[in-house]
K.L.:
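The structure that follows is given in the form of structure tokens.
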Amino acid sequence: MLLGKLRKASEGRGRMSGGDMAKPLLGHRSAEGDPTAPAAGRTIGVLGSGDFARSLAIRLVCSGFKVVVGSRNPKRKAGLFPSAAEVTFQAEAVKKTDVIFVAVFREHYSTLCDLADVLVGKILVDVSNNTEINHHKESNAEYLASLFPACTVVKGFNVVSAWTLQSGARDGNKQVLICSNNQEAKRTIAEIAQVMGFTPVDMGCMSSACEIENIPLRLLPAWKIPIFLSLGLFLCFFTYNLVRQVIHPYIREQKNKFYKIPIEVVNTTLPCVAYVMLSLVYLPGVLAACLQLYYGTKYRRFPDWLDQWLQHRKQIGLLSFFCAALHAVYSLCLPMRRSHRYQLIETAVKQSTLGFVALLISTLHTLTYGWSRAFDENQYKFYLPPTYTLTLLVPCTVILAKVVFSLPCIHHRLVRIRRGWEKGRYVKFVLPSATGEYSSGETSSHV
Ligand SMILES: Cc1cc2nc3c(=O)[nH]c(=O)nc-3n(C[C@H](O)[C@H](O)[C@H](O)COP(=O)(O)OP(=O)(O)OC[C@H]3O[C@@H](n4cnc5c(N)ncnc54)[C@H](O)[C@@H]3O)c2cc1C
Ligand SMILES: NC(=O)C1=CN([C@@H]2O[C@H](COP(=O)(O)OP(=O)(O)OC[C@H]3O[C@@H](n4cnc5c(N)ncnc54)[C@H](OP(=O)(O)O)[C@@H]3O)[C@@H](O)[C@H]2O)C=CC1
Ligand code: HEM
Ligand SMILES: [Cu+2]
Ligand SMILES: [Fe+3]
């Protein structure tokens, strides 16, 4: 109940102006005296006086905690912190509390060793990040625990930027990933995170600290593969178009068509990338359906590469639309030479709300655009077919497969499989063996 009040009060802080952040929301109750006192009102220590320490102190004060900051140079740093926070020497600070956030870089942990005696039995919260993934053989939190074996180390708050701490969890990610070998300490820090307006996520024991420290270093993890895929496709199609549209006329007809590169070559490359990427959104679904029909079950895990592909379809789809949009802008800027294509494309833009419909219409657009050129032998430079004929391969395969799967006999079987029906009379749960491979399911149960 009180937690709810605290949370309402801390929500209320959204209305507080920056300056009010210095005053705590709630009257202090000495946490030490009253064991039932809520997490807030408790004294929290912060070692370090940098960006993170400062934002953390502000957020703690504004959530009703008492804050004592330990700095090597308290006099100089005191002015940076809210008046409600006490800024003193490190040794003084750690004596006043049993929960201490270590807001210094890993390379400076060793300078805290002089505090080992006063830190005995305390909870140290390791908030540190690295500059590269798996930069050290052990995580910063495990390193801190090795320096202070008489303390309990909890990993947490490192995925929260100093800015989110200060501006409040509402616009940044609210999750605070926490791990520790000590359940009690983990619960304490989780409660503090909650009172601060964050959502604690228990990531288990200290062995997950490495993973937690790598998270902030992973740039948009779900976009890496799709971006590399689109860049790779762009490079291939650009080279192919360059050979056909610029190098061929230069060698065979001594004509200089280099002017075509920035517009025409790019504008025949972008749609090809868009078109093939769009078909790659639906190809994994087709492969998945083939596997499900072949095995006659949906309980068999897909191979990892297919599972990964299925999970990146959204990003592939959005990148495809991005390339198509660029192509459309390019094309609309080009003097519209072939008006009939313009009408068709206009309808394309109107209707392509759904990804698959866009694929159908783009196929129509590409076929209409290129039909006349496909059989014109001048279009074959160095015997290379016109680019768009290459782009038609994957989309037409996907569309053809989708047509086959929509045949009643196959569609009916696929729907039953996806509703859990099994070809064999028993459900074969393929479980990972100790080495992580999926052996053919020994364990099976009759349904
Ligand atoms: C602009 C754009 C935006 C898009 N945004 C999204 C989006 O926000 N979210 C999204 O999901 N897709 C998005 N997509 C991709 C696409 O629209 C969907 O993925 C769509 O569901 C694909 O349908 P499908 O028929 O190919 O395959 P599905 O019918 O989705 O899948 C085929 C079969 O595989 C199974 N399956 C699917 N994934 C897995 C898996 N990981 N493990 C095991 N089985 C699996 C399904 O249950 C089904 O049986 C977007 C596409 C575009 C072009
Ligand atoms: N900035 C951010 O957004 C985030 C930071 N973090 C982590 O928080 C920690 C602190 O980061 P941040 O506040 O940005 O860094 P700062 O450099 O701003 O602050 C680090 C603090 O460490 C102390 N310090 C600096 N040099 C030494 C030294 N040679 N010996 C001992 N103490 C030293 C100083 O405090 P004093 O002089 O008072 O002793 C200094 O204020 C890092 O581990 C970082 O990975 C995690 C998530 C986000
Ligand atoms: C407003 C939307 C669009 C407009 C105005 C448009 C216009 C054009 C034009 C003018 C061309 C001829 C380019 C040239 O020869 O220089 C073209 C080609 C092409 N377009 Fe589009 N287009 C649009 C959308 C799309 C979309 C959504 C796709 C696919 C996702 C697509 C795929 C293609 C393909 C594959 C080619 C053939 C490129 C080649 O190999 O020459 N277009 N389009
Ligand atoms: Cu290092
Ligand atoms: Fe979506």
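We use all heavy atoms of the structure for the numbers below, so side chains are in, but hydrogens, waters and symmetry mates are not. As the structure lists them, so they are numbered: ligands from 1, and atoms in each ligand from 1.
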K.L.:
With distance as the sole test, does Arg313 use its side chain to make a donor-acceptor pair with the main-chain N or O of Leu310 at under 3.5 Å?
P.N.:
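It does hold such a pair.
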
K.L.:
Can you name the atoms of ligand 1, numbered from 1 with element, that are less than 4.0 Å from a heavy atom of Phe321?
P.N.:
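In order of number, 1 (C), 53 (C).
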
K.L.:
Gly285 heavy atoms, cut-off 4.0 Å: which ligand 1 atoms fall inside?
P.N.:
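Near Gly285, the atoms of ligand 1 are 26 (O), 27 (O), 32 (C).
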
K.L.:
Short list, please: which atoms of ligand 1 are under 4.0 Å from a heavy atom of Asp307?
P.N.:
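Counting from 1, the qualifying ligand atoms are 40 (C), 41 (N), 42 (N).
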
K.L.:
Who gets closest to atom 17 (O) of ligand 1 by heavy atom: Tyr282, Phe322, Phe405?
P.N.:
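The residue whose heavy atom sits nearest atom 17 (O) of ligand 1 is Tyr282.
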
K.L.:
Would you say CZ of Phe322 has more than 12 non-hydrogen atoms from neighbouring residues, nucleotides or ligands within 6.0 angstrom?
P.N.:
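Atom CZ in Phe322 is not crowded, with 12 or fewer foreign heavy atoms closer than 6.0 Å.
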
K.L.:
Please report the closest heavy-atom contact between Ile133 and Asn214, naming both atoms and the distance.
P.N.:
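Looking at all heavy atoms of both residues, the closest pair is CA-OD1, 3.6 Å.
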
K.L.:
Answer with side chain, backbone, both or neither: which part of Gln311 has a heavy atom less than 4.0 angstrom from an atom of ligand 1?
P.N.:
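The side chain, only.
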
K.L.:
Do you know which two heavy atoms are closest between Ser110 and Glu107, and how far apart they sit?
P.N.:
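Looking at all heavy atoms of both residues, the shortest contact is OG-O, 4.0 Å.
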
K.L.:
Do Asp126 and Tyr109 meet the criterion of a side-chain donor-acceptor pair at a distance under 3.5 Å?
P.N.:
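A donor-acceptor contact under 3.5 Å links the two side chains.
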
K.L.:
For ligand 1, does Leu278 get within less than 4.0 Å through its side chain, its backbone, both, or neither, judged by non-hydrogen atoms?
P.N.:
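For Leu278, the contact with ligand 1 is made by the side chain alone.
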
K.L.:
Relative to atom 2 (C) of ligand 1, which among Gly317, Ser320, Ala289 owns the nearest non-hydrogen atom?
P.N.:
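When every heavy atom of Gly317, Ser320, Ala289 is considered, Gly317 comes closest to atom 2 (C) of ligand 1.
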
K.L.:
Does the cation-pi check pass for Lys402 over Phe356, that is, NZ or CZ under 6.0 Å from the six-membered ring centre and within 45° of its axis?
P.N.:
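The answer is yes, since Lys402 meets both limits relative to Phe356.
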
K.L.:
Below 4.0 Å from any atom of ligand 2, which residues have a heavy atom? Give them in chain and number order, please.
P.N.:
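Correct list: Gly48, Ser49, Gly50, Asp51, Phe52, Ser71, Arg72, Lys77, Gln90, Ala103, Val104, Phe105, His108, Thr111, Val127, Ser128, Asn129, Asn158, Val160, Ser161, Ala162.
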
K.L.:
Please state whether Lys402 comes within less than 4.0 angstrom of ligand 1, counting heavy atoms only.
P.N.:
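Right, Lys402 reaches ligand 1.
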
K.L.:
Start with the C-alpha gap between Gln90 and Val118, add the side-chain angles, then the distance that decides, and say whether side chain to side chain contact (heavy atoms under 4.5 Å, CB included) holds.
P.N.:
CA-CA 10 Å; Gln90 291 174 336; Val118 282; over 6 Å; no

K.L.:
Can you figure out which of Leu318, Val286, Leu280 has its heavy atom closest to atom 3 (C) of ligand 1?
P.N.:
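Among Leu318, Val286, Leu280, the closest heavy atom to atom 3 (C) of ligand 1 comes from Leu318.
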
K.L.:
Among Thr391, Thr363, Thr366, which one satisfies side-chain hydrogen bond (donor to acceptor under 3.5 Å, both in side chains) with Tyr275?
P.N.:
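With Tyr275 as partner, Thr391, Thr363, Thr366 yield a single side-chain hydrogen bond (donor to acceptor under 3.5 Å, both in side chains), made by Thr363.
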
K.L.:
Which atom pair, heavy atoms only, marks the closest approach of Thr188 to Arg42?
P.N.:
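Closest heavy-atom pair between Thr188 and Arg42: CG2-NH1, 3.4 Å.
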
K.L.:
Below 4.0 Å from any atom of ligand 1, is there a heavy atom belonging to Gln292?
P.N.:
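Yes.
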
K.L.:
Please name the residue in the list Arg76, Arg54, Arg72, Lys77 that meets the side-chain hydrogen bond (donor to acceptor under 3.5 Å, both in side chains) test with Ser49.
P.N.:
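Exactly one candidate clears the test, Lys77.
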
K.L.:
Pick, from Arg418, Arg313, Arg301, the option with the minimum heavy-atom distance to atom 28 (P) of ligand 1.
P.N.:
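When every heavy atom of Arg418, Arg313, Arg301 is considered, Arg313 comes closest to atom 28 (P) of ligand 1.
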
K.L.:
Which bit of Phe302 is near ligand 1, meaning a heavy atom under 4.0 Å away: side chain, backbone, both or neither?
P.N.:
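The answer is the side chain.
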
K.L.:
Flag the pair Glu211 and Lys155 as a salt bridge only when some basic side-chain nitrogen lies within less than 4.0 angstrom of an acidic carboxylate oxygen.
P.N.:
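Looking at Glu211 and Lys155, the cut-off is not met.
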
K.L.:
Taking only heavy atoms of Ala288 into account, list the atoms of ligand 1 that are under 4.0 Å away from them.
P.N.:
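Those atoms are 33 (C), 34 (O).
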
K.L.:
Which part of Lys314 is near ligand 1, with near meaning a heavy atom under 4.0 Å away: side chain, backbone, both or neither?
P.N.:
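Near ligand 1, Lys314 shows its backbone as well as its side chain.
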
K.L.:
If every non-hydrogen atom of Leu319 is compared with every non-hydrogen atom of Ser230, which pair is closest and at what distance?
P.N.:
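Closest heavy-atom pair between Leu319 and Ser230: CD1-OG, 3.8 Å.
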
K.L.:
Determine whether a donor-acceptor pair (N or O, by modelled atom type, separation under 3.5 Å) exists between the side chain of Asn130 and the backbone of His136.
P.N.:
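Judged by distance alone, no pair lies under 3.5 Å.
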
